[in-house]
Engineer: 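To start, I am sharing the structure in question, which I have written as structure tokens.
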Amino acid sequence: MTENRRKSIGIFIGLLLFFLGMFAVYGVGVYNDSEQYITMHIHREPLYPLFLAFFRLLAGESAGLTWAVIAQNILAACSIFFVVEYLQKRFQLNVFGELVLVALELMPHLITRYVSSLHIFLENSIMSEALCIPLFNFFVLFTLRMMFEGKKADIVWSLVFAYLLSMTRGQMMTTILLWMVVLGIKLILAKKYRKMVIPVLAVLCVFGLRSLSVHTYNYFVTGYFMGNTYGQVNTLTNVIYACDEEDGEVFAEGSRERIFFDQFYEQADSKGFNYKYAGNTMKEQTEYLEACHDSLKYEVLEANMSAYYFGLGQVDYYMQSSMSDEMAGKMLKGLLPECFGQWLYQYLLLCRYGFIRSIAVVHPLINWVAAGIYLFAAGMAVWMLWKHKKGQAACMMGLAFLFIAANVCATSLTIMCLSRYMIYGFSLFYMALFLLWTEWIRNRRKKA
């Protein structure tokens with residue numbers, strides 16, 4: 001057995017021991033959202049509930065979750081191993097460099113357990129992030145292979161994992177668009193302009209397949225051929241937060257939309273769930289919105305909509321949920337133009353925290369450090385491309401920037417940018433930064 005082979009086996013065993021050791025110490029984590037995945041709730045994407053159902057079918061209701069969590073940890077270890085091994089070979093790293101990449105891949109798991117407010121080890125949790133993180137690692141692996149090698153198999157597998165990610169968390173639909181952008185850039189650089197239609201058609205097909213998959217899943221679970229609900233209610237929550245009382249005048253007096261708005265605004269105002277009650281600084285305003293979002297959604301919007309639609313009689317939960325989402329969509333069309341300026345300001349506040357949490361933790365001092373790291377990374381990538389004609393690490397950094405921007409901007413549209421929603425880009429960004437630094441050091445040594 002070669003030394004390189006022994007090293008690879010050692011790293012893989014080390015990763016397995018780490019993840020299974022964390023499982024042995026902390027066990028299965030069941031949280032507020034867990035029940036929705038277990039019961040295949042209409043608000044949740046299909047893949048993770050099906051993942052849990054598979055293990056409950058194999059091992060029974062009591063042991064199924066335990067085996068699902070064990071599988072999550074093994075899958076996380078495997079995904080990290082394959083990404084790191086590929087980067088080690090691609091960038092010809094020594095053992096120290098490869099171990100740095102392993103450490104960077106483990107950081108999101110340690111941050112969410114020991115630094116963030118969640119204090120949970122994600123791979124032990126019954127939450128979709130536990131499956132989404134390994135799937136994202138595989139997406140990154142095949143996307144990098146697509147960028148650097150351009151093999152058809154890698155192009156297909158990258159899109160397959162983007163589809164699986166979108167079926168696990170709605171925010172990850174951005175990876176489908178990211179796949180199209182990356183492939184489109186490759187085609188433009190290769191001057192294959194006629195083939196630009198291929199990624200566009202592929203994305204349209206995948207979005208269509210995703211919609212059909214979700215509708216079919218919900219039909220077998222609920223009896224209704226429908227998509228996941230409450231996405232528009234989520235978006236309306238932040239719009240209501242940004243509204244003034246006169247904004248409701250966009251709806252006709254006595255219309256159901258106007259009645260709902262008056263109820264929402266009056267109750268939100270009485271509870272302080274409005275931008276007017278936030279502080280003066282950006283920090284106070286952002287954290288106030290984050291603190292208000294769930295309370296405004298559940299205590300005001302959902303409470304009033306549920307009471308009305310259930311009051312119609314012969315309306316079950318799925319019908320109520322669908323009608324609430326439809327009404328939220330109608331109200332969004334009317335209200336958003338009226339409060340757009342204030343809503344956009346609140347949206348940018350959420351994005352600001354999202355960009356910080358993608359690579360760091362929010363703190364008055366660390367926030368500026370995070371901004372400096374972004375500028376340094378961007379500058380270094382441009383320098384390596386322009387001065388040294390070194391493109392691989394710079395392209396990887398470009399991928400990291402594209403994903404972080406897409407993830408932050410998409411998530412901020414519907415909810416707030418909590419650490420567990422933002423953590424996906426952390427390792428990708430810092431691995432790209434480390435590889436940029438490695439390339440720069442090598443160039444310095446060659447010149448010396």
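Note that the structure is predicted; figures quoted are calculated from it, not measured.
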Engineer: For a 4.5 angstrom cut-off between non-hydrogen side-chain atoms, does Phe403 reach Val140?
Structural biologist: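 No, too far: nothing below the 4.5 Å cut-off.
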
Engineer: If every non-hydrogen atom of Leu164 is compared with every non-hydrogen atom of Leu47, which pair is closest and at what distance?
Structural biologist: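 Heavy atoms of Leu164 and Leu47 come nearest at O-CD2, 3.5 Å.
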
Engineer: Could you check whether Phe426 and Tyr430 have their ring centres less than 6.0 Å apart?
Structural biologist: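 Ring centroids of Tyr430 and Phe426 are less than 6.0 Å from each other.
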
Engineer: Any sub-3.5 Å donor-acceptor pair from Ser295's side-chain atoms to Cys292's backbone N or O?
Structural biologist: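 Here the side-chain-to-backbone pair does not exist.
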
Engineer: Counting N and O atoms only, with roles assigned by atom type, does the side chain of Gln285 sit under 3.5 Å from a partner on the main chain of Gly279, one being a donor and the other an acceptor?
Structural biologist: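 A pair under 3.5 Å: yes.
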
Engineer: Give, for atom CE of Met127 and atom CZ of Arg44, the distance between the pair rounded to the nearest 0.5 Å.
Structural biologist: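 Rounded to the nearest 0.5 Å, the CE-CZ separation comes to 9.5 Å.
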
Engineer: So with a 6.0 Å cut-off around CD of Glu299, is the heavy-atom count from everything else above 12?
Structural biologist: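 Yes, the 6.0 Å shell around CD holds more than 12 heavy atoms from other groups.
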
Engineer: So, do Phe355 and Cys417 sit near enough that their side-chain heavy atoms are less than 4.5 Å apart?
Structural biologist: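 Not in contact.
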
Engineer: Quick check: closest heavy atoms across Gly248 and Arg258, and the distance to 0.1 Å?
Structural biologist: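 It is O-CD, 3.1 Å.
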
Engineer: Kindly indicate whether a cation-pi arrangement holds for Arg256 with Tyr308, taking the cut-offs as under 6.0 Å to the six-membered ring centre and within 45° of the axis.
Structural biologist: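 Arg256 over Tyr308 ring: yes.
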
Engineer: Run Phe138 and Leu75 through side-chain contact (heavy atoms from CB on, under 4.5 Å) and show every step you take.
Structural biologist: CA-CA 10 Å; Phe138 283 116; Leu75 192 59; 4.1 Å; yes

Engineer: Not counting sequence neighbours, list each pair that qualifies as a ring pair (Phe, Tyr, Trp, His ring centres under 6.0 Å) and has a residue in residues 356-382.
Structural biologist: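 Sorted pair list: Tyr374-Phe401, Tyr374-Phe429.
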
Engineer: Can a donor-acceptor pair be found between the side chains of Ser79 and Asn137 at a distance below 3.5 Å?
Structural biologist: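 Indeed, the side chains of Ser79 and Asn137 share at least one donor-acceptor pair under 3.5 Å.
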
Engineer: Evaluate the side-chain proximity of Ile133 to Leu122: yes if any heavy-atom separation is below 4.5 Å, no if none is.
Structural biologist: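 When only atoms from C-beta onward are counted, Ile133 and Leu122 do touch, with a gap below 4.5 Å.
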
Engineer: What residue pairs, at least two apart or across chains, pass ring pair (Phe, Tyr, Trp, His ring centres under 6.0 Å) with a residue in residues 198-217?
Structural biologist: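 For residues 198-217, and leaving out neighbouring residues, the ring pair (Phe, Tyr, Trp, His ring centres under 6.0 Å) pairs sorted by first residue read His215-Phe225.
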
Engineer: Regarding Tyr275 and Asp244, is there a side-chain donor-to-acceptor distance under 3.5 Å anywhere?
Structural biologist: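 Yes, Asp244 and Tyr275 have a side-chain donor paired with an acceptor closer than 3.5 Å.
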
Engineer: Less than 4.5 Å apart, side chain to side chain, heavy atoms only: is that true for Val84 and Glu105?
Structural biologist: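 Yes, side chains in contact.
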
Engineer: Any side-chain heavy-atom pair from Leu350 and Ile415 closer than 4.5 angstrom?
Structural biologist: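 Contact flag for Leu350/Ile415 side chains = no.
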
Engineer: Can you give me the closest heavy-atom contact between Ala242 and Gln346, atom names plus distance?
Structural biologist: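 Answer, listing the atom of Ala242 first, then Gln346: CB-CG, 4.4 Å.
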
Engineer: Report yes or no: does Trp157 contribute a side-chain atom to a donor-acceptor pair with the main-chain N or O of Met146 at less than 3.5 Å?
Structural biologist: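 A pair under 3.5 Å: no.
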
Engineer: Is a side-chain N or O of Thr411 found less than 3.5 angstrom from the main chain of Val408, in a donor-acceptor match?
Structural biologist: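 Side chain of Thr411 to backbone of Val408, a donor-acceptor pair under 3.5 Å: no, none is there.
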
Engineer: Can any side-chain N or O of Lys186 pair as donor or acceptor with the backbone N or O of Met147 at less than 3.5 Å?
Structural biologist: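 Indeed, once roles are kept as given, a pair shorter than 3.5 Å links the two residues.
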
Engineer: Going by the rule side-chain hydrogen bond (donor to acceptor under 3.5 Å, both in side chains), which residues pair with Tyr26 if we only count those two or more places apart in sequence or in a different chain?
Structural biologist: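 For Tyr26 the side-chain hydrogen bond (donor to acceptor under 3.5 Å, both in side chains) partners, ignoring immediate neighbours, are Tyr114.
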
Engineer: Cation over ring, Arg113 on Phe121, under 6.0 Å and within 45°?
Structural biologist: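 No, Arg113 does not sit over the ring of Phe121.
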
Engineer: Between the side chains of Lys297 and Glu302, is the shortest nitrogen-to-carboxylate-oxygen separation below 4.0 Å, so that they form an ion pair?
Structural biologist: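 Not counted as a salt bridge, because no side-chain N and carboxylate O are separated by less than 4.0 Å.
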
Engineer: Over all heavy atoms of both residues, which pair between Ala53 and Met40 is shortest? Give the atoms and the distance, please.
Structural biologist: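 Heavy atoms only, the tightest pair is CB-CE, 3.5 Å.
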
Engineer: Centre-to-centre under 6.0 Å for Trp343 and Phe340, is that the case here?
Structural biologist: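 Centroid separation for Trp343 and Phe340: below 6.0 Å.
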
Engineer: Measuring only between side-chain heavy atoms, which start at C-beta, is Asp269 closer than 4.5 Å to Lys276?
Structural biologist: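 They are in contact (side-chain heavy atoms under 4.5 Å apart), so the answer is yes.
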
Engineer: Any chance the side chains of Ser158 and Thr143 put a donor and an acceptor closer than 3.5 Å?
Structural biologist: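 Present: a donor and an acceptor within the cut-off.
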
Engineer: Any sub-3.5 Å donor-acceptor pair from Glu284's side-chain atoms to Thr281's backbone N or O?
Structural biologist: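 Yes, because the side chain of Glu284 sits within donor-acceptor range (under 3.5 Å) of the backbone of Thr281.
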
Engineer: So how far is it from Asn274 CG to Gln267 CD, rounded to the nearest 0.5 Å?
Structural biologist: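 Answer rounded to 0.5 Å: 13.5 Å.
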
Engineer: Out of curiosity, Met323 CE to Met319 CE, how far, rounded to the nearest 0.5 Å?
Structural biologist: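 The CE atom of Met323 sits 5.0 Å away from the CE atom of Met319.
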
Engineer: Looking at Asn238, Thr414, Thr237, which one forms a side chain to side chain donor-acceptor pair (under 3.5 Å) with His293?
Structural biologist: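 The option that passes is Asn238.
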
Engineer: Rounded to the nearest 0.5 Å, what's the gap from CG on Leu428 to CD1 on Ile359? Could you check?
Structural biologist: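 One gets 12.0 Å once the value is rounded to the nearest 0.5 Å.
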
Engineer: Step by step, would you call Thr229 with Ser322 a side-chain hydrogen bond (donor to acceptor under 3.5 Å, both in side chains)?
Structural biologist: CA-CA 6 Å; Thr229 57; Ser322 178; over 6 Å; no

Engineer: Side-chain donor-acceptor pair under 3.5 Å between Tyr353 and Asn367, yes or no?
Structural biologist: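 No, no side-chain donor-acceptor contact under 3.5 Å.
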
Engineer: Quick test of your reading: applying salt bridge (Lys or Arg N to Asp or Glu O under 4.0 Å), list the pairs with at least one residue in residues 147-157, sequence neighbours left out, ordered by first then second residue.
Structural biologist: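 Applying salt bridge (Lys or Arg N to Asp or Glu O under 4.0 Å) to every pair that reaches into residues 147-157, excluding sequence neighbours, yields Arg90-Glu149, Arg145-Asp154, Glu149-Lys151.
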
Engineer: Please confirm whether the ring centroid of Phe264 lies under 6.0 Å from the ring centroid of Phe260.
Structural biologist: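 Yes: the rings meet the under 6.0 Å criterion.
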
Engineer: Can you tell me which residue pairs pass the salt bridge (Lys or Arg N to Asp or Glu O under 4.0 Å) test with a partner in residues 355-383, sequence neighbours excluded?
Structural biologist: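 Output for this query lists Glu290-Arg357.
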
Engineer: Less than 6.0 Å separating the ring centroids of Phe273 and Tyr241?
Structural biologist: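 No; Tyr241 has its ring centre 6.0 Å or more from that of Phe273.
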
Engineer: Given side chains that start at C-beta, do those of Asn124 and Phe19 come closer than 4.5 Å, heavy atoms only?
Structural biologist: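 Of all side-chain heavy-atom pairs linking Phe19 with Asn124, none is under 4.5 Å.
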
Engineer: Is any side-chain heavy atom of Cys339 closer than 4.5 Å to one of Val239?
Structural biologist: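 SC-SC contact between Val239 and Cys339 confirmed.
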
Engineer: Quick one: do Leu101 and Ile80 satisfy side-chain contact (heavy atoms from CB on, under 4.5 Å)? Show the steps, please.
Structural biologist: CA-CA 9 Å; Leu101 294 185; Ile80 291 174; over 6 Å; no

Engineer: Would you mind listing every salt bridge (Lys or Arg N to Asp or Glu O under 4.0 Å) that reaches into residues 125-142, with sequence neighbours excluded?
Structural biologist: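 Residue pairs with at least one partner in residues 125-142: Glu129-Arg169, Glu129-Arg420.
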
Engineer: Once you round to the nearest 0.5 Å, how far does CG of Asn304 lie from CG of Asp262?
Structural biologist: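 Answer rounded to 0.5 Å: 11.0 Å.
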
Engineer: What's the separation between atom OH in Tyr424 and atom CG in Leu165, rounded to the nearest 0.5 Å?
Structural biologist: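 These two atoms lie 8.0 Å from each other.
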
Engineer: Is the distance between the ring centroids of Phe51 and Phe55 under 6.0 Å?
Structural biologist: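 Yes; Phe55 has its ring centre under 6.0 Å from that of Phe51.
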
Engineer: Is there a donor in the side chain of Gln320 and an acceptor in the side chain of Ser324, or the other way round, less than 3.5 Å apart?
Structural biologist: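 The criterion, which ignores hydrogens and geometry beyond distance, is satisfied for Ser324 and Gln320.
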
Engineer: Where is the tightest heavy-atom contact between Asn228 and Pro46, given as atom of each residue plus distance?
Structural biologist: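 Here Asn228 and Pro46 meet closest at OD1-CD, 4.5 Å.
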
Engineer: Which is it for Tyr31 and Ser125 under the side-chain hydrogen bond (donor to acceptor under 3.5 Å, both in side chains) test, yes or no, and what are the steps along the way?
Structural biologist: CA-CA 8 Å; Tyr31 304 98; Ser125 67; over 6 Å; no

Engineer: Taking the six-membered ring for Trp, are Tyr265 and Phe261 parallel (under 30°), tilted (30 to 60°) or perpendicular (over 60°)?
Structural biologist: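 If you compare the ring of Tyr265 with that of Phe261, the planes turn out parallel.
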
Engineer: Once you measure the plane-to-plane angle for Tyr318 and Tyr224, does it fall in the parallel (<30°), tilted (30-60°) or perpendicular (>60°) bin?
Structural biologist: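 Tilted, since the angle between the ring planes falls between 30° and 60°.
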
Engineer: Counting only heavy atoms not in Tyr317, do more than 12 fall under 6.0 Å of its OH?
Structural biologist: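 Yes, the 6.0 Å shell around OH holds more than 12 heavy atoms from other groups.
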
Engineer: Determine whether a donor-acceptor pair (N or O, by modelled atom type, separation under 3.5 Å) exists between the side chain of Thr175 and the backbone of Met172.
Structural biologist: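 A pair under 3.5 Å: yes.
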
Engineer: Met196 and Gly184: which non-hydrogen atoms are nearest, and at how many Å?
Structural biologist: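 Result for this residue pair: SD-O, 3.5 Å.
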
